[in-house]
Student: 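Here it is: the structure, laid out below.
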2 protein chains.
Amino acid sequence: METRRKGPVGRPRGFDADEALERAMRVFWKQGYEGASLTDLTSAMGITRTSMYAAFGNKEDLFRKALARYEEGPAAYVARALREPTAREVATAFLNGAVRTSTRPGCPPGCLGVQGSLAAGDPGLPVRNLLADWRNEGVTRLGDRFRQAVDDGDLPPDSDPVGLARYLMTVANGIAVQAAGGATQEDLQRVADMALRGWPPA
Amino acid sequence: METRRKGPVGRPRGFDADEALERAMRVFWKQGYEGASLTDLTSAMGITRTSMYAAFGNKEDLFRKALARYEEGPAAYVARALREPTAREVATAFLNGAVRTSTRPGCPPGCLGVQGSLAAGDPGLPVRNLLADWRNEGVTRLGDRFRQAVDDGDLPPDSDPVGLARYLMTVANGIAVQAAGGATQEDLQRVADMALRGWPPA
DNA sequence: AGATTTCAGTACCGCTCGGTACTGAAATCG
DNA sequence: CGATTTCAGTACCGAGCGGTACTGAAATCT
């Protein structure tokens with residue numbers, strides 16, 4: 001006979017973990033991993049250090065969860081772009097999404113995958129490597145999609161799918177850097193348009 | 001009657017300030033401003049904290065001087081590119097220089113102007129803004145050069161010089177990000193070549 | 001040589017960091 | 001109701017941060 005629980009025993013948590021994670025994500029996005037102190041994070045989340053550690057583990061765990069949330073939220077344009085029917089539409093949707101997410105009003109400029117950590121001392125290396133892997137995985141996914149496009153015939157047979165993928169990711173990363181320096185959405189949309197002027201014809 | 005000094009009175013400094021600054025520049029380049037501790041810096045420079053403060057001011061002053069040295073050294077390709085005869089050659093030299101400097105063996109990957117500080121908490125804001133200004137000044141200089149190119153007739157009269165400048169800077173910034181993630185010189189040279197495929201004809 | 005000036009080094013300052021032990025209250029169970 | 005469990009909050013931990021006072025030696029001047 002198995003013990004059945006109607007709900008978790010004990011006092012339930014008094015805050016919305018999803019909302020707290022959203023707030024934490026924005027602090028990391030704005031200030032980077034090392035630049036975001038636990039005090040910054042917990043005061044934005046509206047909870048105490050104790051609650052944060054109980055709910056999310058530690059600072060690095062919190063960042064990993066914030067990155068996962070970022071991927072499903074602000075960075076969902078990547079997955080959407082990959083589902084576009086042609087290589088050109090994939091590329092266009094990807095860069096336009098990067099522009100919009102990097103310059104969205106009410107959100108920090110740039111991209112969590114770039115601003116989160118680019119260079120760091122020893123204590124920040126795990127997160128730095130996590131983000132480098134995250135960006136490289138994006139290249140891989142785009143590259144797979146473009147290999148498919150070559151098979152489909154909407155990219156020339158002599159195309160370099162991974163090269164095209166890295167090119168787009170490079171431009172998207174640059175857009176994030178430029179957004180951090182104050183470039184506007186119009187500025188960066190022009191950049192995205194220029195970046196596609198040399199795109200291989202179908 | 002003016003007092004003449006043959007040399008500075010007192011014990012002369014026992015280290016090469018230029019060499020020390022070069023070492024500091026590389027630490028900032030690799031670890032970023034906030035990620036480079038005074039211990040990291042001074043041990044790489046081979047001097048004590050006291051000597052560093054006497055010779056360079058404080059950590060922020062040291063960074064400013066390291067950035068100036070970076071501009072004259074690894075980033076000298078920018079000034080060289082601006083002196084190329086045509087807009088296309090300017091653009092090509094600029095991107096090729098960004099690729100080489102971001103992937104130079106023996107140097108940290110990327111660009112000090114990007115890796116130095118992209119996102120930061122309150123204490124790092126001055127340096128973050130310094131670098132954003134530095135990047136934007138690069139856009140301005142390229143933009144001035146391309147305006148000249150329009151006058152010279154080696155860019156179409158309806159070109160957007162500042163837009164073209166921002167486009168190149170965006171690609172260069174993206175190259176720095178990608179280099180930090182392990183992209184090789186060959187990878188990034190292909191990216192630079194692709195970025196110029198849509199360049200306006202003379 | 002003696003006086004002076006700046007050197008390099010140690011030890012320390014107050015502060016903030018990420019992380020934790022401990023307290024007392026609150027909510028759910030039998 | 002009483003027992004149990006987890007909550008939120010305070011106060012604190014050792015460590016590292018950027019920066020500085022102080023010491024004694026070394027090198028240049030008159």
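Residue numbers start from 1 in every chain, and the chains themselves are labelled A, B, ... in the order their sequence lines are given, proteins ahead of strands. Computed from a prediction, not measured in an experiment: that's the story for all the values here. Hydrogens, waters and symmetry mates are skipped; everything else that's a heavy atom, side chains included, is used.
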Student: What is the distance, rounded to the nearest whole Å, between atom CZ of A/Arg13 and atom P of D/dT5?
Tutor: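 So the two atoms are 18 Å apart, to the nearest Å.
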
Student: From CZ of A/Phe15 over to C1' of D/dT6, roughly how many Å is that when rounded to an integer?
Tutor: 12 Å

Student: OP1 or OP2 of D/dA8 less than 4.0 angstrom from a side-chain nitrogen or oxygen of A/Ser51, does that happen here?
Tutor: yes

Student: Contacts to DNA chain C from residues 121-129 of chain B, heavy-atom cutoff under 4.0 Å, which residues?
Tutor: none

Student: Are B/Phe56 and B/Arg64 close enough that some pair of their side-chain heavy atoms sits under 4.5 Å apart?
Tutor: no

Student: For the residue pair A/Phe94 and A/Tyr77, does the interplanar ring angle fall in the parallel (under 30°), tilted (30 to 60°) or perpendicular (over 60°) class?
Tutor: tilted

Student: For a quick check under 3.5 Å, do B/Asp144 and B/Gln148 share a side-chain donor-acceptor pair by atom type?
Tutor: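 On atom types as modelled, these side chains do not qualify, holding no pair under 3.5 Å.
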
Student: Assess whether a salt bridge exists between A/Arg26 and A/Glu22, defined as any Lys/Arg side-chain N lying under 4.0 Å from an Asp/Glu carboxylate O.
Tutor: yes

Student: Using modelled atom types only, decide if a donor and an acceptor are shared between the side chain of A/Asp40 and the backbone of A/Ser37 within a distance under 3.5 Å.
Tutor: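 Flag set: sc A/Asp40 to bb A/Ser37 pair under 3.5 Å.
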
Student: Atom CZ of A/Phe28 and atom C1' of C/dG18: how far apart are they, to the nearest Å?
Tutor: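 So the CZ-C1' distance, A/Phe28 to C/dG18, works out to 12 Å.
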
Student: For A/Gln31 and C/dC17, give me the distance from atom CD to atom C1', rounded to whole Å.
Tutor: 14 Å

Student: Keeping A/Trp29 on the side-chain end and A/Gly110 on the backbone end, is there a donor-acceptor pair under 3.5 Å?
Tutor: yes

Student: Between A/Met52 (CE) and D/dC7 (P), how many Å, whole number?
Tutor: 14 Å

Student: So if I define the base as every atom that isn't primed, P, OP1 or OP2, how would nucleotides 17-22 of chain D read as a B/S/- string at a heavy-atom cutoff under 4.0 Å?
Tutor: SBBBB-

Student: For B/Asn58 and B/Glu60, indicate whether the former's side chain and the latter's backbone hold a donor-acceptor pair under 3.5 Å.
Tutor: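 Flag set: sc B/Asn58 to bb B/Glu60 pair under 3.5 Å.
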
Student: Side chain to side chain donor-acceptor pair (under 3.5 Å) with B/Thr103: which residues, sequence neighbours excluded?
Tutor: B/Gln185

Student: Quick one: does B/Thr86's side chain get under 4.5 Å of B/Leu155's, heavy atoms only?
Tutor: no

Student: For D/dC29, give its Watson-Crick or G-U wobble partner with both distances under 3.5 Å, or none.
Tutor: C/dG2

Student: When both hydrogen-bonding distances must be under 3.5 Å and the geometry is Watson-Crick or G-U wobble, what is C/dA25 paired with, if anything?
Tutor: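 Looking at the geometry, C/dA25 pairs with D/dT6.
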
